[in-house]
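See below for the structure under consideration.
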Amino acid sequence: MQSASLAGKRILVTHADAFMGPVLCEVFREHGATVIASTLPLLAPDEPAHLLAEAGRVDVLVANLAIEAPTTPVTDADDREWGMVFDALVAPLPRLVRAVLPQMIERRSGKILLMGSASALRGIKRASSYSAARGAQLAYVQSAGVELAAHNIQINAIAQNFVDNPTYFPPEVQANPRFQERLKREVPLGRLVGAREDAEFAAYLCGESANCFVGQVFPVCGGWVVR
């Protein structure tokens with residue numbers, strides 16, 4: 001893969017202290033970008049608009065949204081849980097996109113990348129609310145992608161699982177022998193995808209060499225979704 005040059009790009013990363021945020025910020029800076037690392041929770045409806053107004057020019061928006069995934073059986077996943085999960089993962093995405101689009105449309109240039117989840121692509125027990133929210137994210141990206149392509153704006157998604165990150169696979173989880181057995185059993189790669197492997201792919205999708213992708217969902221999961 002060609003090296004991603006992000007020199008001169010201003011990249012806004014949300015939830016920069018969680019999920020893939022820390023390594024994304026590090027890799028983007030290594031590729032020459034100016035990174036705006038936001039740690040706002042983005043739960044209030046007006047937060048995304050305020051964030052974009054303060055950020056100024058944004059060439060690339062990386063919607064890195066994460067919460068601790070509930071593990072509730074489907075029989076017990078109540079309205080409160082569904083509301084909480086969708087408020088954290090789904091509602092901020094269109095708010096962020098709407099806030100950044102005017103400047104991107106005016107320039108006829110821009111990229112939006114969602115750091116999503118492959119839980120939307122394969123069933124997982126005790127994850128109905130979380131998987132549904134992640135699926136809503138991907139459906140939004142696909143629909144928005146075909147609409148925004150006419151403005152030379154590319155919006156795509158990485159749908160990941162079994163990627164090394166502190167939110168879903170912290171050190172204590174990785175050290176658990178039962179998790180290591182699961183990893184070998186479920187992931188053809190036989191290991192977690194490295195954080196930097198994922199982040200370098202994200203950097204590529206944010207660069208000018210990836211202008212041809214429109215509303216696409218890229219699984220990054222060590223082969224987990226193809227089993």
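This chain uses plain numbering: 1 for the first residue, then up along the sequence.
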**Asked** Are a donor atom and an acceptor atom from the side chains of Asn211 and Lys111 found within less than 3.5 Å of each other?
**Response**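 The answer is yes; a qualifying pair exists.
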**Message:** Suppose the criterion is salt bridge (charged side-chain N to carboxylate O under 4.0 Å, His left out): which pairs have a residue in residues 16-45, not counting sequence neighbours?
**Reply:** Glu26-Arg196, Glu30-Arg196
**Message:** Tell me whether Glu172 at atom CD has more than 12 heavy atoms from other residues, nucleotides or ligands lying less than 6.0 Å away.
**Reply:**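 Count over threshold, so yes.
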Compare all side-chain heavy atoms of [X] with those of [Y] and state whether any distance is below 4.5 angstrom.
{"X": "Phe179", "Y": "Leu192", "result": "yes"}
{"X": "Leu113", "Y": "Gln154", "result": "no"}
{"X": "Ile153", "Y": "Leu101", "result": "yes"}
{"X": "His31", "Y": "Glu200", "result": "yes"}
{"X": "Tyr140", "Y": "Val97", "result": "yes"}

Whether [X] side chain and [Y] backbone form a donor-acceptor pair below 3.5 Å:
{"X": "Gln103", "Y": "Gly56", "answer": "yes"}
{"X": "Arg10", "Y": "Asp59", "answer": "no"}
{"X": "Glu81", "Y": "Ala77", "answer": "no"}
{"X": "Arg108", "Y": "Ala150", "answer": "yes"}
{"X": "Asn64", "Y": "Met115", "answer": "no"}
{"X": "Asn165", "Y": "Val163", "answer": "yes"}
{"X": "Arg95", "Y": "Glu47", "answer": "no"}
{"X": "Asp164", "Y": "Gly194", "answer": "no"}
{"X": "Gln137", "Y": "Leu89", "answer": "yes"}
{"X": "His15", "Y": "Pro41", "answer": "yes"}

**Item:** Where Ala136 and Phe86 come nearest, the two heavy atoms and their spacing
**Value:**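 Taking Ala136 first and Phe86 second, the nearest heavy atoms are CB-CE2, 4.2 Å.
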**Message:** For Ala120 versus Arg134, what's the shortest heavy-atom pair and its separation?
**Reply:**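 Here Ala120 and Arg134 meet closest at CB-C, 3.7 Å.
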**Request:** Please lay out, stage by stage, how Tyr168 and Phe162 fare under the test ring pair (Phe, Tyr, Trp, His ring centres under 6.0 Å).
**Result:** CA-CA 9 Å; Tyr168 298 116; Phe162 292 103; over 10 Å; no
**Message:** Quick check for you: to the nearest 0.5 Å, what is the distance between Leu138 atom CG and Leu114 atom CG?
**Reply:**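 If we round to the nearest 0.5 Å, Leu138:CG and Leu114:CG are 6.5 Å apart.
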**Fill in**
Which of Leu52, Leu12, Leu51 passes side-chain contact (heavy atoms from CB on, under 4.5 Å) with Val100? Answer is Leu52
**Asked** Does the distance from a Lys or Arg side-chain N to an Asp or Glu carboxylate O, for Glu186 and Arg191, drop under 4.0 Å?
**Response** no
